[in-house]
Amino acid sequence: MDTTGQKFAAKALPYDASALAPSISEETLRYHHGKHTATYAAKLNELVADTPFATRSIEEIIRTADGAILNNAAQLWNHNFYFDAFSATPKAYPEGALAAAIDKAFGSFDALRGRMLHHCTALFGSGWVWLVRNQSGKLEIIEAPNAGNPLRHALSPLLCIDVWEHAYYIDYRNARADAVASHWDKIDWAKIEQRFAKI
Ligand code: MN
């Protein structure tokens, strides 16, 4: 529950809407968080009303639903996870166990960055690029079209980059590569370390 009184809601941003500019402008955040994400939440609440999903967690819905309920639940979850990874004062690189896992899977943090950004431009149409941990403990990069979410495939999500046009079109127009490279610089690796420690 939140101030809307609804079960499912966009999480409050952990920074001011202007805090990530110019990488992500206040206008983009106000639309992306305040309009797009809020609409996924409102739609999900509407769709699950009077269904068995109304009493389930959003993670359970993502694992078990289909169609519009799945799409809106996954988009809400993805956006809450996405916005929470940024900071106005980000830690620029990971350390400790996460850094070791990245080096083992990709060779280096710079190599991870290059591969993630490559997938962001390679993904055709709308979707997400995810850094996940698979069931054998190895890190992987996943391209997920549309509302794709790793929980659906028993993968543990660590980081997602939104490549839907609504994530960047106000600030970068069609220049997706420039957008994701700039968004990358606002990822707070202290937060990703915390996620990795909780898996
Ligand atoms: Mn989005």
Side-chain angles (χ1 to χ4, degrees), residues 2 4 6 8-48 58-59 61-62 65-88 90 113 116-132 141-153 155 157-188 191-192 195:
D2 78 333
T4 65
Q6 296 290 307
F8 300 110
K11 280 176 64 177
L13 294 175
Y15 37 76
D16 289 341
S18 60
L20 305 181
S23 292
I24 304 176
S25 69
E26 180 170 357
E27 185 181 5
T28 289
L29 270 180
R30 291 203 181 283
Y31 273 86
H32 197 187
H33 178 263
K35 304 285 188 191
H36 289 281
T37 308
T39 300
Y40 294 126
K43 192 74 183 169
L44 178 61
N45 286 305
E46 184 186 312
L47 289 167
V48 300
I58 191 166
E59 290 82 8
I61 293 173
I62 290 168
D66 285 300
I69 291 178
L70 169 62
N71 286 337
N72 283 280
Q75 280 296 78
L76 176 59
W77 197 100
N78 294 358
H79 282 90
N80 283 338
F81 200 68
Y82 171 76
F83 290 121
D84 212 38
F86 295 117
S87 168
R113 178 184 180 279
M116 288 282 290
L117 297 184
H118 168 77
H119 282 286
C120 286
T121 53
L123 193 159
F124 184 81
S126 297
W128 300 83
V129 174
W130 292 88
L131 177 64
V132 302
I141 298 169
I142 304 290
E143 284 183 27
N146 302 316
N149 181 296
L151 298 173
R152 189 89 177 154
H153 311 287
L155 298 165
L158 290 168
L159 171 68
C160 59
I161 299 179
D162 188 344
V163 300
W164 285 59
E165 283 188 345
H166 68 220
Y168 61 84
Y169 205 84
I170 293 170
D171 300 336
Y172 299 87
R173 298 303 176 195
N174 62 319
R176 186 192 286 187
D178 294 344
V180 293
S182 185
H183 294 178
W184 178 271
D185 291 338
K186 294 296 178 184
I187 295 168
D188 184 359
K191 292 182 180 174
I192 315 308
R195 291 172 177 179

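Source: prediction; values computed, not measured. The figures that follow rest on heavy atoms only: side chains count, while hydrogens, waters and symmetry mates do not. When a ligand or atom number is given, it counts from 1 through the structure's own listing order.
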Heteroatom of His32 nearest to the Mn ion (ligand 1) (N, O or S, atom name): NE2
Looking only at N, O or S atoms in His166, which is nearest to the Mn ion (ligand 1)? NE2
Do any N or O atoms from the side chain of Tyr172 and from the backbone of Ser182 form a donor-acceptor pair under 3.5 angstrom? no
By atom name, which N, O or S atom belonging to Asp162 lies closest to the Mn ion (ligand 1)? OD2
As a test of reading the structure, name the N/O/S atom of His79 that is nearest the Mn ion (ligand 1). NE2
Main-chain N/O of His79 paired with Tyr40 side-chain donor or acceptor, under 3.5 Å: no
Considering residues, nucleotides and ligands other than Tyr31, do more than 12 of their heavy atoms fall under 6.0 Å from its OH? no
Between Asn146 and Gln75, which heavy-atom pair has the shortest distance, and what is it? O-OE1, 3.9 Å
